[in-house]
Number of protein chains: 2
Amino acid sequence: MGRQMTCTAPVNIAVIKYWGKRDPTLILPTNSSLSVTLSQDDLHSRTTVSIAPEYDQDRMWLNGIECPVSSNIRLVNCLQAAREQRKAMEAADSSLPSWSTWGIRIASVNNFPTAAGLASSASGYACLVYTLAQVLELPLTPSQLSRYARLGSGSACRSILGGFVGWEMGKLANGEDSLAYQVAPETHWSELEALILVVNDAKKDTSSTVGMQTTVKTSTLAQHRFASVVAERMQQMEQAIQDRNFEQFAKITMQDSNQFHAICLDTYPPIFYLNDTSRTIIRIVTTINELCPEIQAAYTFDAGPNAVIYAPKQHMPRLIQLFTYFFPAAHPLPSEEFFNDPYHCVPTGVTLGETLPSEYESLRDTFSVMPVGSVKRIIHTRVGDGPRVLSDPAASLLGDDGLPRSL
Amino acid sequence: MGRQMTCTAPVNIAVIKYWGKRDPTLILPTNSSLSVTLSQDDLHSRTTVSIAPEYDQDRMWLNGIECPVSSNIRLVNCLQAAREQRKAMEAADSSLPSWSTWGIRIASVNNFPTAAGLASSASGYACLVYTLAQVLELPLTPSQLSRYARLGSGSACRSILGGFVGWEMGKLANGEDSLAYQVAPETHWSELEALILVVNDAKKDTSSTVGMQTTVKTSTLAQHRFASVVAERMQQMEQAIQDRNFEQFAKITMQDSNQFHAICLDTYPPIFYLNDTSRTIIRIVTTINELCPEIQAAYTFDAGPNAVIYAPKQHMPRLIQLFTYFFPAAHPLPSEEFFNDPYHCVPTGVTLGETLPSEYESLRDTFSVMPVGSVKRIIHTRVGDGPRVLSDPAASLLGDDGLPRSL
């Protein structure tokens with residue numbers, strides 16, 4: 001009889017960006033980074049791991065489709081690291097069952113569509129190693145576990161923890177000190193919320209893995225960022241989070257997003273992730289921040305044109321009005337596909353897409369309403385907790401036969 | 001009876017970019033820069049300077065419209081520097097006429113429309129100080145004269161010379177050693193040609209003067225560029241020019257354009273000059289350079305979305321075919337407003353905008369033809385000489401009364 005567990009893990013969006021590996025195999029970064037874990041109520045990966053003595057080989061299904069395990073070296077590294085630790089435990093205590101010799105079956109799904117434009121590797125690998133550690137009963141702290149997640153995908157190590165999470169780059173060649181740690185739990189600053197603006201983009205982006213390596217090889221500005229910029233920003237950002245100082249948090253977030261895209265542009269040949277819609281979003285946020293007595297919102301962009309807007313809860317209703325006004329939906333609002341207001345923050349009487357909040361009226365003079373569909377979807381979420389164990393057997397993605405259940 | 005001279009001066013396009021002043025009044029830069037002087041046969045400013053004892057005040061007309069001299073501090077600085085030198089000459093030699101006390105009248109026109117999107121301040125100020133030096137008989141070498149041009153507009157100092165021109169940033173606080181110098185004359189590498197792709201853009205750009213100061217104040221990457229990147233690139237670029245090594249010339253040109261836009265993006269709030277059309281041009285150039293055994297072309301972008309493409313003469317016919325294919329004109333080609341082939345390089349039998357050169361056929365798989373009008377105009381030109389004196393009296397822009405002639 002085998003063992004099985006099912007867990008969920010969250011997405012995280014960095015405010016100090018990770019871009020560049022000093023060791024591509026161990027996925028050791030050229031600089032520390034820091035992210036906000038987003039709520040699993042809105043976005044998550046769900047993974048079932050099943051082990052049994054009769055499984056003849058390791059197998060994995062991603063969103064229902066089987067992916068050969070052996071050809072995915074990062075996945076193999078994750079499984080091997082967990083098994084080796086289990087094996088050492090069994091060697092030290094002969095009363096432990098020999099789970100390290102059993103076959104592993106994995107099924108994973110994301111609750112957000114690929115069309116959301118969100119990288120699923122962070123939540124996916126975090127969920128895999130978290131669930132695996134539960135199944136194999138590995139006695140690991142979240143920081144220790146983050147090392148295994150890092151072997152799958154660098155930024156996955158930060159999805160092992162909730163709230164505000166740092167990833168210390170470390171100094172050791174074996175990566176033992178390259179770990180995620182919690183700067184503050186989600187309860188420390190629960191009013192921090194996020195809007196994800198999914199931007200329409202025809203072009204295929206440069207993959208992060210290839211792009212990073214080219215940046216490290218060719219950008220002189222990137223070397224300066226790694227050596228002389230990030231360490232100070234990490235300290236300032238941790239302080240801003242401790243102080244719940246949104247102004248400071250927002251400024252560093254925007255500067256670091258800009259600098260990440262600057263080193264992409266300084267890469268040869270240059271890498272572009274921002275398009276004209278992304279730039280309009282940046283200009284709109286810059287304008288409202290200059291217009292209002294207090295800073296309203298911070299933008300950040302990963303390796304693609306989608307914006308994540310961080311803002312305090314009280315600014316969200318007018319930011320949603322603002323973005324739905326300038327980036328009209330293809331269908332009448334509210335629309336499940338475009339924006340569904342899970343936090344019920346649209347003021348009564350407001351029809352999204354039709355009016356600008358009075359504070360932002362003057363933006364009409366500077367900005368035109370963008371073409372319908374420039375932004376494909378808006379997702380409203382907030383800071384959230386780390387991976388969760390699902391005790392309901394109905395949540396399992398694998399049947400007793402170790403094959404995906406029909407859901 | 002007064003004195004009058006008329007001259008023309010060329011446009012220059014930097015391959016090592018100037019962006020940042022260490023002294024905004026004297027216009028002393030944070031780094032050295034290097035440019036190619038473009039042919040005055042295609043693009044130039046023409047300026048008449050007239051001096052006479054009876055002129056009661058200094059007056060100036062730009063493209064036929066009077067611009068008050070006293071409110072333009074940079075213009076005032078240029079006139080004052082030239083007059084002071086003349087005054088010192090007169091003090092030393094009493095036989096010299098006292099031209100330093102006479103009024104000055106200036107009329108200047110550009111032969112390229114504002115719609116060409118080319119900064120006219122470089123050719124304009126170079127032409128002004130060059131003509132003024134002729135009228136006042138100032139015994140100045142071009143490098144010495146470049147200091148006066150610099151007071152009007154930094155990059156104007158490089159339009160005082162033909163061919164390949166460096167601007168040594170200098171170290172002195174008074175700017176005496178911040179001078180332009182000729183790296184090589186236009187005859188050294190006359191097969192180097194340029195295409196200017198004038199890109200359609202709705203948005204108003206951040207002015208260079210304001211943008212530069214914000215970059216110097218807020219970009220940490222810019223500080224690294226100034227201190228540790230440019231000096232080496234200047235040496236490599238001068239060597240590439242001496243060797244007529246287009247591969248090296250092209251690579252540094254593209255890298256330095258990218259880095260200039262990278263420090264703009266690292267500015268807070270960020271400055272954007274490239275738009276989606278600019279980025280498509282960069283991708284197309286990158287693709288053909290990777291496709292062909294030898295490097296085909298180099299792109300460079302100043303403070304706006306327009307591209308300047310440098311390429312050896314032999315590649316120009318197919319580059320023109322390439323760009324007119326992917327960036328179709330609003331009207332049938334050849335069209336005076338879009339592209340008029342002054343160098344007769346379009347191969348017989350080729351209808352521009354309809355066919356791709358066979359070498360670049362595979363680009364169809366990666367790139368779509370862009371919307372009509374994304375590029376508004378294409379100008380073909382080449383490396384050219386420095387300012388010229390026009391001896392034909394019919395070239396004068398001012399009548400004997402010191403007022404603009406009707407042309």
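Just so we're on the same page: letters track the sequence lines, and every chain starts at 1.
- For B/Gln259 and A/Ser219, the side-chain atoms include no donor-acceptor pair closer than 3.5 Å.
- More than 12 non-hydrogen atoms from other residues, nucleotides or ligands lie less than 6.0 angstrom from CD of B/Gln314.
- When B/Leu274, B/Val229, B/Asp256 are compared by the number of non-hydrogen pairs under 4.5 Å with chain A, B/Leu274 comes out ahead.
- No other option in A/Ala222, A/Pro269, A/Pro270 has as many heavy-atom pairs under 4.5 Å with chain B as A/Pro270.
- Counting non-hydrogen atoms of other residues, nucleotides and ligands closer than 6.0 Å to CD of A/Glu247 gives a total of 12 or fewer.
- Distance check: A/Tyr268 OH to B/Ile252 CD1 gives 10.0 Å after rounding to the nearest 0.5 Å.
- Your options are B/Ser257, B/Ala262, B/Cys264, and the one with the most heavy-atom pairs under 4.5 Å with chain A is B/Ala262.
- Contact annotation for A/Glu290: only side-chain heavy atoms (C-beta onward) come within less than 4.5 Å of a heavy atom of chain B.
- Heavy atoms of B/Thr220 lying under 4.5 Å from chain A belong to its backbone as well as its side chain.
- Taking a 6.0 Å sphere around CD of B/Glu232, one finds it holds 12 or fewer heavy atoms contributed by other residues, nucleotides or ligands.
- Put simply, CG on A/Asn275 and CG on B/Asn275 are 11.0 Å apart, with the number rounded to the nearest 0.5 Å.
- Judged purely by distance below 3.5 Å, without hydrogens or angles, the side chains of A/Gln255 and B/Thr218 never pair a donor atom with an acceptor atom.
- Using a 4.5 Å cut-off between heavy atoms, A/Ile282 contacts chain B through its side chain alone, with no backbone atom that close.
- Most heavy-atom pairs under 4.5 Å with chain B: of the set A/Met254, A/Gln223, A/Lys251, A/His261, this distinction falls to A/Lys251.
- If you measure heavy-atom distances from A/Tyr299 to chain B, the contacts under 4.5 Å come from the side chain alone.
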Test side chain to side chain contact (heavy atoms under 4.5 Å, CB included) on B/Asp266 and A/Leu221 and set out the steps.
-> CA-CA 10 Å; B/Asp266 190 50; A/Leu221 299 185; over 6 Å; no

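- Using a 4.5 Å cut-off between heavy atoms, A/Thr267 touches chain B through its backbone atoms (N, CA, C, O) alone.
- Residue A/Leu265 comes nearest to B/Asn258 through the heavy atom pair O-CB, 3.1 Å, listed as atom of the first residue, atom of the second, then distance.
- Both the backbone and the side chain of A/Phe272 come within contact range of chain B, each with at least one heavy atom under 4.5 Å from a heavy atom of that chain.
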